[in-house]
Amino acid sequence: MVAVAIKATANLIGFIAPSTWTVLDAVDAVGSLGLLFVGGYAIARGIAWAKRRLLWRVRRKLILSYVFVGLVPGLLIISFFLFAAFLLFFNVSTYLLQTRVRTLVDQTRFMAQSTALEAEHGDTTDVLRRRLEQRLGIAAESYPYTSLAIVPVQGLECPDAAGAAVTTPRPMTIGPWQHLDAPTGLPPWIRCEGFAGLLAYEAVGGTVVEDRLLMRAVAVPDTKSPEWAVIVDLPFSPVVEERLREETGIRLGEVSALPFQDTRVTNPRGRLLSVRPPAAEATTTFGEGWVAFLDVRHWETGAA
């Protein structure tokens with residue numbers, strides 16, 4: 001506004017007194033320089049304003065495009081591979097646990113079969129008991145609470161058996177049998193090939209009630225009309241759990257027995273061998289709550 005006023009004043013005086021144009025030219029040049037300075041300043045401010053107001057929208061769109069086109073897909077890919085790695089890790093852990101349990105079941109089966117062969121020799125009851133106690137003592141060093149029973153069998157016919165008649169030992173129980181009462185007979189669903197698998201029971205100790213597992217195997221002598229059978233129990237004690245952790249790196253948490261398909265069938269009640277450590281000490285936050293499914297049978301009915 002000052003520059004415009006200077007130029008207007010110089011032009012007005014030059015129109016009134018033309019003889020003064022020499023001096024007025026210098027004054028008019030000062031006004032023109034002022035206008036040029038103002039114009040340059042206005043252009044610079046306009047460019048800065050345009051950058052802030054106009055180019056920021058383009059930059060924001062570019063940033064959003066990068067987020068949705070580059071960053072989000074990258075995070076999704078990383079999350080997918082992490083999720084796949086966790087699934088692979090947990091499934092491998094489940095497989096290791098199931099494989100180790102099957103190995104324990106096979107060891108229990110072998111123990112029952114070898115005991116049945118030992119009982120077929122026709123030794124006296126005292127000699128047989130002493131031999132089986134020695135055998136069970138060796139097994140108990142690795143698997144505490146291992147128990148054994150020889151029970152009578154009635155009404156079982158094995159027409160495909162190739163063995164001859166063997167001496168029938170007297171019924172006996174060897175071992176602590178602290179987890180459950182020793183069986184007194186063989187349920188009708190077990191046939192000539194015997195049985196080896198997992199059983200579940202409710203372990204009661206004072207006010208504590210927990211679901212526990214045990215490996216049980218049945219061996220029947222190879223005769224057409226067996227009159228006795230060997231039953232071996234290997235409870236899933238804390239010692240077995242600790243050996244499992246040392247061999248596979250897996251620490252067991254809580255065991256829950258799902259109901260059978262036949263709701264009238266329930267797990268038997270037994271005794272608590274020992275109290276499992278608290279969950280905060282027995283498990284870690286990584287992988288806590290992961291579930292491995294194991295098949296169990298009901299001893300009296302054979303329900304799965």
Side-chain angles (χ1 to χ4, degrees), residues 100-199 201 212-237 239-240 243 268 270-271 273 297-302:
R100 185 55 185 158
V101 170
R102 284 194 295 268
T103 301
L104 292 173
V105 171
D106 292 339
Q107 292 178 355
T108 309
R109 184 200 301 271
F110 174 77
M111 193 181 306
Q113 292 175 347
S114 61
T115 303
L117 293 176
E118 188 78 22
E120 291 179 356
H121 292 168
D123 297 325
T124 62
T125 302
D126 294 338
V127 173
L128 178 61
R129 177 181 290 275
R130 187 163 53 252
R131 287 184 177 179
L132 295 182
E133 286 177 351
Q134 293 176 355
R135 181 187 294 271
L136 202 64
I138 296 175
E141 295 178 358
S142 301
Y143 305 107
Y145 307 106
T146 302
S147 304
L148 182 149
I150 297 179
V151 298
V153 176
Q154 297 178 355
L156 182 60
E157 297 295 332
C158 303
D160 297 332
V166 296
T167 304
T168 303
R170 295 181 58 184
M172 65 179 68
T173 58
I174 302 174
W177 287 102
Q178 295 183 10
H179 55 292
L180 288 172
D181 295 333
T184 57
L186 208 60
W189 63 274
I190 296 180
R191 307 312 300 167
C192 302
E193 64 275 8
F195 165 76
L198 277 177
L199 272 66
Y201 66 98
R212 291 297 178 94
L213 299 174
L214 67 96
M215 282 70 68
R216 174 170 290 185
V218 178
V220 179
D222 189 18
T223 60
K224 295 185 181 299
S225 298
E227 298 179 356
W228 55 275
V230 177
I231 300 176
V232 176
D233 274 16
L234 198 161
F236 223 99
S237 63
V239 176
V240 177
R243 290 191 61 183
R271 291 168 291 276
L273 299 177
R297 300 295 292 271
H298 187 257
W299 173 249
E300 296 296 335
T301 63

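Side chains included, hydrogens not; waters and symmetry mates left out as well; all remaining heavy atoms used.
- Considering only residues two or more places apart in sequence or on other chains, Thr301 meets the side-chain hydrogen bond (donor to acceptor under 3.5 Å, both in side chains) condition with His298.
- In this structure the side chain of Ile174 never reaches within 4.5 angstrom of the side chain of Ile150, judged on heavy atoms.
- Shown here are the side-chain hydrogen bond (donor to acceptor under 3.5 Å, both in side chains) partners of Thr168, two or more places apart in sequence or in another chain: Glu227.
- Note that CG of Leu214 is 7.5 Å distant from CG of Leu198, once rounded to the nearest 0.5 Å.
- Within the structure, no pair that satisfies the side chain to side chain donor-acceptor pair (under 3.5 Å) test touches residues 145-156, not counting sequence neighbours.
- Minimum heavy-atom separation, Ala229 to Leu186: CB-CD2, 4.0 Å.
- With sequence neighbours excluded, the residues satisfying side chain to side chain contact (heavy atoms under 4.5 Å, CB included) with Cys192 are Leu156, Cys158.
- One finds the CG atom of Asp222 at 9.5 Å from the CG atom of Leu117 (value rounded to the nearest 0.5 Å).
- Among residues at least two apart or in separate chains, salt bridge (Lys or Arg N to Asp or Glu O under 4.0 Å) pairs with a member in residues 178-196 are Asp181-Arg271.
- Contact between Trp228 and Ala116 at its shortest, heavy atoms only, is CH2-O, 3.5 Å.
- Each salt bridge (Lys or Arg N to Asp or Glu O under 4.0 Å) pair with one or both residues in residues 140-154, not counting sequence neighbours, would appear here, but there are none.
- Applying the salt bridge (Lys or Arg N to Asp or Glu O under 4.0 Å) test to Arg100 and every residue at least two apart in sequence or in another chain returns Glu247.
- For residues 172-197, the pairs satisfying ring pair (Phe, Tyr, Trp, His ring centres under 6.0 Å) are Trp177-His179, Trp189-Phe195, with sequence neighbours left out.
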Kindly list each side-chain donor-acceptor pair under 3.5 angstrom involving residues 103-113, sequence neighbours excluded, with atom names and distances?
unit_1	atom_1	unit_2	atom_2	d
Thr103	OG1	Thr99	O	2.9
Gln107	OE1	Tyr143	OH	2.5
Thr108	OG1	Leu104	O	2.8

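- Atom CE in Met172 sits 4.5 Å away from atom CG in Leu128 (nearest 0.5 Å).
- Remark: Arg297 CZ to Ile190 CD1 distance equals 8.5 Å, nearest 0.5 Å.
- Using a 4.5 Å cut-off on side-chain heavy atoms (C-beta onward), Trp299 and Pro183 make contact.
- Residues satisfying the side-chain hydrogen bond (donor to acceptor under 3.5 Å, both in side chains) criterion with Ser225, sequence neighbours excluded, are Glu157.
- Atom CD of Glu133 sits about 10.5 Å away from atom CG of Leu148, to the nearest 0.5 Å.
- Rounding to the nearest 0.5 Å gives a distance of 9.5 Å between CG of Asp123 and CZ of Arg130.
- Residue pairs that meet the salt bridge (Lys or Arg N to Asp or Glu O under 4.0 Å) test with at least one member in residues 111-120, sequence neighbours left out, are Glu118-Arg131, Glu118-Arg135.
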